[in-house]
Amino acid sequence: MEQNLISLLQSSVRLKELKQIHALIFKKYISFTPFFIKRLLHLSIVDYARLVFNQVPQPDQYLYCSFISAYSKLSLYAEAKKMFFLMHHDLARISCFAFSPALSSCASLMATSEGKQIHSLVINYGFGSNVFIQTTLIDFYAKTGDLGSAKQVFDEISVKDPASYNCLISGYSKSGEVLVARNLFDKMTERTIVSWNSMISCYAHNGHYTQALEIFERMQAVKCQPSEITLVTILSICAKLGDLEMGLRVRKLIENNKLCRNMIVSTALLEMYVKCGAVNDARREFDQMAQRDIVAWSAMIAGYAQNGRSNEALELFELMKSENVKPNDVTLVSVLSACAQLGSVEHGERIGKYIESRGFASNVYVGSALLDMYAKCGNIRKALQVFDQMTHKDIVSWNSMIGGLAANGLAEDAISLYMKMKEAEVKPNDITFTGLLTACTHAGLVELGLEFFKSMKSDHNIIPKVEHCACIVDLFCRSGRLEEAYKFICNMEMEPNVVIWGTLLSASRTYLNVELAERSVEKLLILEPENSGNYVLLSNIYASVGRWQEALKVRKLMKDRRIQKIAAYSWIEIEDKLHKFLVGDTSHPRFTEIYSVVDGLRLQMNWAGYTPNSDLPEEDFLYTDSS
DNA sequence: GTAGGGTTAG
């Protein structure tokens, strides 16, 4: 009968059956209880196992130990840790197998003092020279950032195996001590695949991509076959570098060696394509995947959103929902970003409601993306509401709100929010100042803008970028202070770009300053000789002041250089269809209707400081002018 | 012990 009981227990997986067996054990075979509990734990039925355990009068160390391992495996680290100390409290002995799962649970919980307590118990119980436990100790100290202690344990090991090196290497990697990690790696006489991978990811995580690739080459040279983990790490380096060529080499390597292509490898490949701008290839990889988890879906949706293909991002999100895959915070951030790019109010609001009803908005990423979406869709009140309700705000949240206010023409609010940000002791960055300077430009606050610009360097140690300089030039230009704008450009610490000279040129046209127009065009013709707009503007300026000969000369120059004007289309969305038309174009079948909508919108857009998007897929157009 | 996805501006 007892043999039957064992085989019955081993064949049962359902809780209902197990409970029946439990009744039998409880009545007739009480000594089988520990065996029964271990079977439950093996099946990850921890809660019921715990209930049964609580009835056991004197559990032995092995039973406690089974719980600690099970909890740790199921990521129930707090429970694992509690069970360890309960065992220590109840028993005079501790199984040597209890220390490792307890220590790694403490590492995951960042429970430094309890981990140290366990360390002293290791010594008290005489396991101080057990290599397996020593390695877990190194890992614990490495993960909690106490590298001194990690090194100390490491030095105490008489015969060091690769695992102890590997733990220490990854510890130094996490705290950015790349050279120390490399030193250890070089000292190793025997390296496992994990050693190679750890060294590669050490370089990768600390931004030393070339060195990471060098280790990868060396690994192949000594005929150590890369694992899936190696490939994923290398692919993510290719993604960060935007190195499609290297990425494709890795893909060939996978194909030629028939290496396993699991979900993580495929997602890394997909991500590599996305970051190299090869979105269609990413989608092909996505479609070929046998299984897709939320990470794969999110990566593909983000891929579309990051490459300005918002419509496809939203379409894929719909497909994901139709396959009953639940979005998480990461997915929603990309979806929101897509809605923001489209300025699609209805879509955005629907997702906004979904997020708020499910409490996703408390996540900083989601909150920031949500308020940004509302701001970009013109609903500044809702944006402010989301911002105010965020319990934790980071630099991105503040920047998005400041930028949102600025873009919606609320310059004073943007500036006073910046004051609040400083009160909250959040350090501004270059993006903060882009928002602030935009606000000043829109409100014509020249002096304040200059003050902000100066404070970037002097108060915050932020080196202004070309964009910031462009704001200052715009600031001067809009208030007609062209000479100061020119002086500012000449004194810039970096090379002025097309935007800057272009700003000065168009201001020169407005204020009919021929001399500055000539100087701007001179620079612009070097920077972008193919742009017809520059020639046209200069020619128009000459014409406006009656210098016809020179106007004609510019036109002729343009003709000689075979430069053609490119037609600038505008577009509008009405009833889900896109319509596009040229300036002064009245030939569209629904011209009157469009014109009235456009005119109203244009006013709103100008006021909000928006520029219309121009890279729309061609096939979506209902109407295309052939001229 | 070593792997994959996210927000702001330009």
Side-chain angles (χ1 to χ4, degrees), chain A residues 104 107 135-136 138-140 142-143 161-171 173-174 191-202 204-205 226-237 239 262-272 274-275 282 286 289 292-303 305-306 327-338 340 360 363-373 375-376 393-404 406-407 429-438 465-471 497 499 611:
Chain A
S104 52
T135 307
T136 333
I138 297 170
D139 188 48
F140 161 75
K143 280 202 175 120
D161 64 349
S164 44
Y165 273 98
N166 297 342
C167 292
L168 201 56
I169 288 173
S170 82
S173 162
K174 282 197 184 83
R191 299 188 185 98
T192 62
I193 178 74
V194 180
S195 319
W196 290 101
N197 290 346
S198 300
M199 198 58 234
I200 293 172
S201 86
C202 170
H205 284 309
S227 70
E228 293 151 33
I229 294 179
T230 325
L231 300 170
V232 169
T233 315
I234 299 296
L235 282 170
S236 87
I237 292 172
N262 66 22
M263 196 150 49
I264 300 181
V265 174
S266 297
T267 311
L269 201 52
L270 188 160
E271 178 65 9
M272 182 277 293
V274 162
K275 290 280 147 63
F286 179 81
M289 286 173 75
R292 301 173 197 100
D293 63 359
I294 188 64
V295 179
W297 283 99
S298 304
M300 193 62 240
I301 293 172
Q306 286 162 5
N328 66 10
D329 44 358
V330 181
T331 330
L332 293 168
V333 166
S334 298
V335 173
L336 284 170
S337 161
F360 276 116
N363 173 299
V364 211
Y365 279 88
V366 178
S368 305
L370 185 62
L371 80 85
D372 178 62
M373 183 276 293
K376 288 226 172 74
K393 303 178 180 78
D394 67 1
I395 180 69
V396 180
S397 332
W398 287 96
N399 285 351
S400 304
M401 197 64 246
I402 291 172
N429 63 13
D430 55 327
I431 298 171
T432 321
F433 283 98
T434 311
L436 284 172
L437 293 176
T438 313
K465 290 186 179 174
V466 181
E467 300 93 276
H468 301 106
C469 297
C471 283
N497 64 6
V499 179
T611 42

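Throughout, protein chains are lettered first and strands after them, A, B, ... in sequence-line order, and every chain is numbered starting at 1. Everything numeric here is computed off the predicted structure, so don't read it as measured data.
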> Any side-chain heavy atom of A:Asp161 sitting closer than 4.5 Å to one from A:Thr135?
Replying inline: yes

>> In the structure I gave you, are the side-chain heavy atoms of A:Ser298 and A:Asn328 within less than 4.5 Å of one another anywhere?
In response: yes

> When you check the side-chain N and O atoms of A:Thr192 and A:Ser195, is any donor under 3.5 Å from an acceptor?
Replying inline: yes

Sugar-phosphate, base or nothing in reach of [X], heavy atoms under 4.0 Å:
X: A:His468; result: nothing
X: A:Lys275; result: sugar-phosphate
X: A:Ile294; result: base
X: A:Glu228; result: base
X: A:Ser298; result: base
X: A:Thr267; result: base
X: A:Met373; result: nothing
X: A:Ala302; result: sugar-phosphate
X: A:Asn429; result: nothing

> Counting N and O atoms only, with roles assigned by atom type, does the side chain of A:His468 sit under 3.5 Å from a partner on the main chain of A:Asp430, one being a donor and the other an acceptor?
Replying inline: yes

> Which nucleotide span of DNA chain B, 5' end to 3' end, has atoms closer than 4.0 Å to non-hydrogen atoms of chain A?
Replying inline: B:dG1 to B:dG10

>> Just to verify, what does A:Asn399 make a side chain to side chain donor-acceptor pair (under 3.5 Å) with, not counting sequence neighbours?
In response: A:Asn429, A:Thr432

>> Taking side chain to side chain donor-acceptor pair (under 3.5 Å) as the definition, give me every residue that meets it alongside A:Lys393, ordered by chain and number, with sequence neighbours left out.
In response: none

